Trainee: 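One structure is given below, represented as structure tokens, and several questions about it will come after.
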Amino acid sequence: YGGALLPASPFRTDDWPVLTTSDYQPSAVIHNGATYVGSSIYNTTGVNQTHTQSAQTDAQAIYHVRFYNGGARSDTFRITGPGGNATWRVAYYDHDTGADITSAVTATGWLTPSLAVDSYQRVRIEVTPLSRAAPDASLSVLAKATSVADGTRQDAVKAVTTCLLTRRPDGKIHDGTAYIGDGILNTTGAGQTHSRTASPNTVAGYLIRFYNDGNAPDTFRITGATGDSAWQVKYLDYRTGIDLTSSVTGAGWVPPPIAARAYCSLRLEVAALWGAAASATFSALVTGTSLGDTKEKDAVKAVNTWAL
């Protein structure tokens, strides 16, 4: 070769694509109720791409997230995030298909389909404070996207949920067989009604509980239907046997304060009098009202049919 120049290579390196870190870049944004925030902000802490909500116990705070491909080449992202615990439920969903992807996201990560430049994958995050969540307790969920092509390229959004003070009486009624009404909240007794027959010689008895399904101590006022010329109605403190009828059918019986997840209990006794018409029915609606928030109440119903 004697110093002569080598022939030019047929593979010209100046024509080869040059890959840089900007070729791969997840861009995560989160909706704040008005618009998406976090565009062109890249970090793994969620700073300036955070949305905060409040929710009562057993109510969902819902967050809508988009993971954009902000790079220069198609890419796949690995989506990761924390799971829930005994106090909070955290769930993740593929927004487009509705598939629950929680187990993948909270383990090694859920892989998006291949995303073209400027396209995105939508994920819905649902955060629920459970009954043990204290008022003003909060949970931060950091959802992160990592480029599969370049694991150093990441972005994250944060969803912060605060648990509100919750007042929630929840009534149950037992007819000697089973309690019904757990988690059913209304003031009509729908879905939490028991029925029995009653006669002058027998008493139809019902056990009633009003649970404090809120997250702080509360006081309830218990009110109920009164009897008439054809029906006798009595209310008794289940624990002591004290007759509560005048209180329950009057201004209401107010038991001592009830801790969260505890309950008060009473017994309802209904008997048909001889003045009752054959096959007549009598409905006793019993209502528990929170004195911490009188808008919050629940009711159970006992329906009695006269029978010889």
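No experiment lies behind these values; they were computed from the predicted model shown.
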Trainee: Keeping the roles fixed (side chain from D298, backbone from G171), state whether a donor-acceptor pair exists under 3.5 Å.
Mentor: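 Flag set: sc D298 to bb G171 pair under 3.5 Å.
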
Trainee: First locate atom OG1 of T226, then atom NZ of K234, and finally report the distance between them rounded to the nearest 0.5 Å.
Mentor: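 It comes to 13.0 Å.
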
Trainee: Are any side-chain N or O atoms of N304 and backbone N or O atoms of F282, one a donor and one an acceptor, separated by less than 3.5 Å?
Mentor: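 Confirmed, N304 side chain pairs with F282 backbone.
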
Trainee: Is there a donor-acceptor contact under 3.5 Å from the side chain of S138 to the main chain of T161?
Mentor: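 No: the side chain of S138 does not pair with the backbone of T161.
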
Trainee: Please list, one pair per line, the donor and acceptor atoms closer than 3.5 Å that link side chains of residues 29-39 to other protein atoms, with sequence neighbours excluded.
Mentor:
unit_1, atom_1, unit_2, atom_2, d
H31, ND1, G33, N, 3.0
N32, OD1, A34, N, 2.9
N32, OD1, T35, N, 2.8
Y36, OH, R66, NE, 3.4

Trainee: Would you say that L266 contacts I222 through its side chain, given a criterion of any heavy-atom pair below 4.5 Å between the two side chains?
Mentor: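 Yes, at least one pair of side-chain atoms sits under 4.5 Å.
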
Trainee: Closest approach of P82 and S140, non-hydrogen atoms and distance?
Mentor: CG-O, 4.5 Å

Trainee: Taking all heavy atoms of V270 and all of V233, pick out the closest pair and write down the distance.
Mentor: CG2-CG2, 4.5 Å

Trainee: Mind checking whether Y263 and I180 sit in one hydrophobic cluster, side chains of I, L, V, M, F, W, Y counted as touching below 4.5 Å?
Mentor: no

Trainee: Nearest 0.5 Å please: distance from the CD1 atom of I101 over to the OH atom of Y93.
Mentor: 10.0 Å

Trainee: Please test W253 against I242 for side chain to side chain contact (heavy atoms under 4.5 Å, CB included), starting from the C-alpha separation and ending with a verdict.
Mentor: CA-CA 12 Å; W253 172 54; I242 294 174; over 6 Å; no

Trainee: Find out whether I208 and Y238 are in side-chain contact, i.e. whether some heavy atom of one side chain is under 4.5 Å from a heavy atom of the other.
Mentor: no

Trainee: Under 3.5 Å, is there a donor-acceptor pair linking the side chains of Q154 and T146?
Mentor: yes

Trainee: So do W110 and D94 actually touch side chain to side chain, heavy atoms under 4.5 Å?
Mentor: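 When only atoms from C-beta onward are counted, W110 and D94 do touch, with a gap below 4.5 Å.
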
Trainee: Evaluate Y68 against L115 for side chain to side chain contact (heavy atoms under 4.5 Å, CB included), listing each step before the verdict.
Mentor: CA-CA 8 Å; Y68 279 86; L115 299 174; over 6 Å; no

Trainee: Is a side-chain N or O of N215 found less than 3.5 angstrom from the main chain of T166, in a donor-acceptor match?
Mentor: yes

Trainee: Hey, are the side chains of K158 and T45 touching, using non-hydrogen atoms and a 4.5 Å cut-off?
Mentor: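 Answer no - side chains too far apart.
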
Trainee: Any salt bridge between K295 and D293, counting N to O under 4.0 Å?
Mentor: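 D293 and K295: salt-bridged.
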
Trainee: Nearest 0.5 angstrom please: T128 OG1 to W88 CH2, how far?
Mentor: 9.0 Å

Trainee: Checking side chain to side chain donor-acceptor pair (under 3.5 Å) against R168, which of T57, D218, D213 comes through?
Mentor: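 So, applying the side chain to side chain donor-acceptor pair (under 3.5 Å) to R168 and each of T57, D218, D213, only T57 qualifies.
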
Trainee: So do I258 and Y211 actually touch side chain to side chain, heavy atoms under 4.5 Å?
Mentor: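 Result no, sub-4.5 Å side-chain heavy-atom pair not found.
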
Trainee: Taking only residues two or more places apart in sequence or in another chain, which ones pass side-chain hydrogen bond (donor to acceptor under 3.5 Å, both in side chains) with R78?
Mentor: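 Checked R78 against side-chain hydrogen bond (donor to acceptor under 3.5 Å, both in side chains); zero matches.
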
Trainee: For R261, what residues pass the side-chain hydrogen bond (donor to acceptor under 3.5 Å, both in side chains) criterion, not counting sequence neighbours?
Mentor: none

Trainee: Atom CG in L285, atom OG1 in T287: separation rounded to 0.5 Å?
Mentor: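 Spacing of CG (L285) from OG1 (T287) equals 4.0 Å.
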
Trainee: Give the minimum heavy-atom separation between V286 and L268, together with the two atoms involved.
Mentor: CG2-CD2, 4.5 Å

Trainee: Return the minimal non-hydrogen interatomic distance between A216 and A260, and the atom names on each side.
Mentor: N-CB, 3.9 Å

Trainee: For the CZ atom on R267, are there more than 12 heavy atoms of other groups (residues, nucleotides or ligands in this structure) within a distance under 6.0 Å?
Mentor: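 Yes, because the 6.0 Å sphere around CZ of R267 holds more than 12 heavy atoms from other groups.
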
Trainee: Hey, does the side chain of D23 reach the backbone of A72 with a donor-acceptor pair shorter than 3.5 angstrom?
Mentor: no

Trainee: What closest approach, in Å, do S265 and R209 show between heavy atoms, and which atom pair accounts for it?
Mentor: CB-CG, 4.0 Å

Trainee: Shortest non-hydrogen contact from L142 to A156?
Mentor: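 For L142 versus A156, the nearest heavy atoms are CD1-CB, 3.9 Å.
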
Trainee: So, Q25 and D75: side-chain donor and acceptor under 3.5 Å apart, yes or no?
Mentor: no

Trainee: What's the spacing between N69 CG and Y120 OH if we round to 0.5 Å?
Mentor: 13.5 Å

Trainee: Do L165 and R167 have side-chain heavy atoms sitting under 4.5 Å apart?
Mentor: yes

Trainee: Give a yes or no answer on whether the side chain of D155 reaches the backbone of N43 with a donor-acceptor pair at less than 3.5 Å.
Mentor: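 Confirmed, D155 side chain pairs with N43 backbone.
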
Trainee: Report the C-alpha separation of D175 and R196 in whole Å, then their side-chain angles, then the decisive distance to 0.1 Å, and conclude whether the salt bridge (charged side-chain N to carboxylate O under 4.0 Å, His left out) test is met.
Mentor: CA-CA 8 Å; D175 66 347; R196 300 190 69 178; 5.7 Å; no

Trainee: Using a 4.5 Å cut-off on heavy atoms from C-beta on, say whether the side chain of K301 contacts that of I173.
Mentor: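 When only atoms from C-beta onward are counted, K301 and I173 do not touch, as no gap falls below 4.5 Å.
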
Trainee: More than 12 heavy atoms of other residues, nucleotides or ligands under 6.0 Å from CG of D96: is that the case?
Mentor: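 Result for CG/D96: enclosed.
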
Trainee: Looking at CH2 of W231 and OG of S229, how far apart are the two atoms once the value is rounded to the nearest 0.5 Å?
Mentor: 11.5 Å

Trainee: Quick check against the 3.5 Å criterion: does Y63 have a side-chain atom that pairs as donor or acceptor with the backbone of V123?
Mentor: no

Trainee: Students often mix this up, so state it plainly: with edges at 30° and 60°, are the rings of H64 and H95 parallel, tilted or perpendicular?
Mentor: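 Answer is perpendicular, since the angle exceeds 60°.
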
Trainee: Sub-3.5 Å donor-acceptor pair from the side chain of T245 to the main-chain atoms of Y235, do we have one?
Mentor: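 Checked: pair present.
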
Trainee: Check whether any side-chain N or O of E296 sits under 3.5 Å from a backbone N or O of P169 as a donor-acceptor pair, and report yes or no.
Mentor: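 Looks like no, no N/O pair under 3.5 Å.
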
Trainee: Taking the six-membered ring of Y24, is NZ or CZ of R153 closer than 6.0 Å to its centre and within 45° of its axis?
Mentor: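 No, R153 does not lie over the aromatic ring of Y24.
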
Trainee: Do Y206 and H194 have ring centres separated by under 6.0 Å?
Mentor: no

Trainee: As a quick check of understanding, evaluate side chain to side chain contact (heavy atoms under 4.5 Å, CB included) for T87 and L130, giving each step before the final call.
Mentor: CA-CA 5 Å; T87 308; L130 303 178; 5.6 Å; no

